[in-house]
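The structure displayed is predicted, hence computed values, not measured ones.
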Amino acid sequence: MIYRKDSALSFKREFAKWLNVVLLVVLLCEAIFLLAEMHGSFWEMKFVDVANVVAQFATAGAFFLGFHQYRRAKKQERQLVWSAECKVIISKMIEVLKSVGVGDQTRLSNIRSCIGKLGNLAIDFEEGFSSLDEGDQKAALRMHWQDMYFNSFIEVMKSLAIAPLLGDDVSDGGYLVALAAAHEKVKAVGCHDVYKDYNIYIEVLSDRRISISRPLIDKLEMHFFVMFFFESEYVNDYMYGNISRIYMNVHAPLLAAIYEVQK
């Protein structure tokens, strides 16, 4: 489905309509001025004089129309370039997501590389997306971005596992003890099932039995990643027309827990 903001299009249509009205008024005023200047000698004018006046109006109109068409063509050219570039960026995002190890293959170094690349690509995408006028091209980009988000991004984010990140804490049993304690605490507090994984990950990462190095977690630069993939200012625009609401602690529970621990 194509999601286009009609309000922006309506504004452009209204602006174009009033611009045409203003131009018409200017032309009428000029015509009235000319008639007022020569009303006494109007009948003394020759046909060639009338033709010259008409030709002047036609020349001015042709110049304006040509200039308008030139600007419109150049603008459309820029829009096509940005639209094509944004599609390429989305394809690059999908390739990055394919390279992420999930499940037992989850690694902190792999996550660090992923969120770094996705954050940089998201900056480029926003630069192009914000340069586009509201219309079919921008609506089509929303469709492509949402397809990437729901069919690739969220699937990978939900599949990241915490155990492979903990190294020796898993082999010596510290992880299992911390995991059991986390389940008990979350159960005692009570929370909705959709937030269960996030709360368990928070408890495990905060457990004193887990010796995962804090500096390793702090090295995860998540600012741009969180900004462009989860915070409403940007995601709401990309998700325009879609009833889904994005919550990091639901759609990316492990990264949301790490992000919380970093604070």
Side-chain angles (χ1 to χ4, degrees), residues 3 89-90 92-103 105-126 129-130 141-142 144-166 178-179 182-183 185-186 189-207 210 212 214 216-263:
Y3 301 119
I89 292 172
I90 291 175
K92 290 181 179 179
M93 289 179 178
I94 294 174
E95 290 303 312
V96 171
L97 290 167
K98 288 180 179 179
S99 69
V100 179
V102 297
Q105 301 302 314
T106 303
R107 298 292 184 272
L108 199 60
S109 60
N110 195 215
I111 294 176
R112 183 183 301 113
S113 175
C114 166
I115 63 177
K117 291 177 180 178
L118 288 178
N120 290 331
L121 287 171
I123 294 173
D124 294 338
F125 178 82
E126 172 59 23
F129 187 80
S130 61
L141 280 180
R142 287 192 180 96
H144 289 297
W145 193 90
Q146 291 174 21
D147 180 66
M148 175 278 298
Y149 199 90
F150 290 114
N151 295 323
S152 298
F153 181 80
I154 288 181
E155 182 179 349
V156 169
M157 294 299 108
K158 285 186 174 181
S159 299
L160 296 174
I162 189 172
L165 299 182
L166 305 182
L179 183 63
H183 275 279
K185 186 171 182 179
V186 170
V189 174
C191 69
H192 197 284
D193 287 345
V194 296
Y195 303 113
K196 184 177 179 180
D197 288 343
Y198 166 74
N199 286 298
I200 288 175
Y201 292 152
I202 284 285
E203 294 299 326
V204 170
L205 291 174
S206 303
D207 195 291
I210 300 301
I212 184 172
R214 177 62 184 265
L216 292 178
I217 292 181
D218 288 340
K219 285 182 180 179
L220 288 178
E221 297 291 340
M222 302 182 68
H223 176 71
F224 291 117
F225 174 76
V226 174
M227 177 188 298
F228 290 109
F229 287 95
F230 293 103
E231 291 189 354
S232 60
E233 179 182 356
Y234 299 99
V235 178
N236 279 356
D237 196 6
Y238 306 153
M239 287 289 181
Y240 180 81
N242 194 300
I243 62 174
S244 299
R245 289 294 177 267
I246 305 303
Y247 299 98
M248 188 176 182
N249 52 2
V250 174
H251 297 100
L254 178 57
L255 291 184
I258 293 175
Y259 188 59
E260 182 64 27
V261 170
Q262 285 183 336
K263 295 179 180 179

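Taking all atoms of both residues into account, the shortest heavy-atom contact from Cys191 to Asn199 is SG-ND2, 3.6 Å. Summarising the geometry of Tyr201 relative to Ala257, their closest heavy-atom pair is CB-CB, 3.5 Å, with the distance given to 0.1 Å. Pairing each heavy atom of Ile200 with each of Ala182, the nearest pair is O-CB, 3.9 Å. Between Ile90 and Leu141 the shortest heavy-atom distance is CD1-O, 4.1 Å. Shown here for Gly119 and Phe228, the closest heavy-atom pair between the two residues is O-CD1, 4.5 Å. Shown here for Ala161 and Gly103, the closest heavy-atom pair between the two residues is CB-O, 3.4 Å.
Salt bridge annotation for Lys92-Glu95: absent, with no cationic side-chain nitrogen under 4.0 angstrom from a carboxylate oxygen.
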May I have the step-by-step check of ring-ring contact (aromatic ring centres under 6.0 Å, His included) for Phe129 and Tyr234, ending in yes or no?
CA-CA 10 Å; Phe129 187 80; Tyr234 299 99; 9.9 Å; no

What's the verdict on ring-ring contact (aromatic ring centres under 6.0 Å, His included) for Phe229 and Phe224, showing C-alpha distance, side-chain angles and the deciding distance?
CA-CA 8 Å; Phe229 287 95; Phe224 291 117; over 10 Å; no

Check step by step if side-chain contact (heavy atoms from CB on, under 4.5 Å) holds for Leu165 and Leu254.
CA-CA 11 Å; Leu165 299 182; Leu254 178 57; 3.8 Å; yes

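To the nearest 0.5 Å, atom NE2 of residue His183 and atom CD of residue Glu203 are 11.0 Å apart. The CG atom of Leu118 sits 11.5 Å away from atom CD1 of Ile123, with the distance rounded to the nearest 0.5 Å. Rounding to the nearest 0.5 Å places CZ of Phe150 at 6.5 Å from NE2 of His251. Rounded to the nearest 0.5 angstrom, Ile89 CD1 and Asn120 CG are separated by 11.0 Å. In this structure, the separation between CZ on Phe125 and OG on Ser130 is 9.5 Å, given to the nearest 0.5 Å. Here OH of Tyr149 is found 11.0 Å from CE of Met93. Values are rounded to the nearest 0.5 Å.
None of Thr106, Ile258, Leu205 except one satisfies the side chain to side chain contact (heavy atoms under 4.5 Å, CB included) rule with Ile162; the exception is Leu205. Shown are Tyr259, Tyr238, Tyr247, Phe153; of these, the ring pair (Phe, Tyr, Trp, His ring centres under 6.0 Å) with Phe230 is made only by Phe153.
A donor-acceptor pair under 3.5 Å links the side-chain atoms of Asn110 to the main chain of Gly101, judged by distance alone. With hydrogens and angles disregarded, no donor-acceptor distance shorter than 3.5 Å links the side chain of Arg107 to the backbone of Pro164.
Put simply, the side chain of Val100 reaches to within 4.5 Å of the side chain of Leu160, judged on heavy atoms. Counting heavy atoms from C-beta outward, Met248 and Met222 have side chains that approach closer than 4.5 Å. Side-chain contact check for Met148 versus Leu97: some heavy-atom pair is nearer than 4.5 Å.
Taking the six-membered ring where tryptophan is involved, the planes of His192 and Tyr195 are perpendicular, since the angle between them exceeds 60° and thus also 30°.
Under the 3.5 Å distance criterion, with hydrogens and angles disregarded, no donor-acceptor pair is assigned to the side chains of Tyr240 and Gln146.
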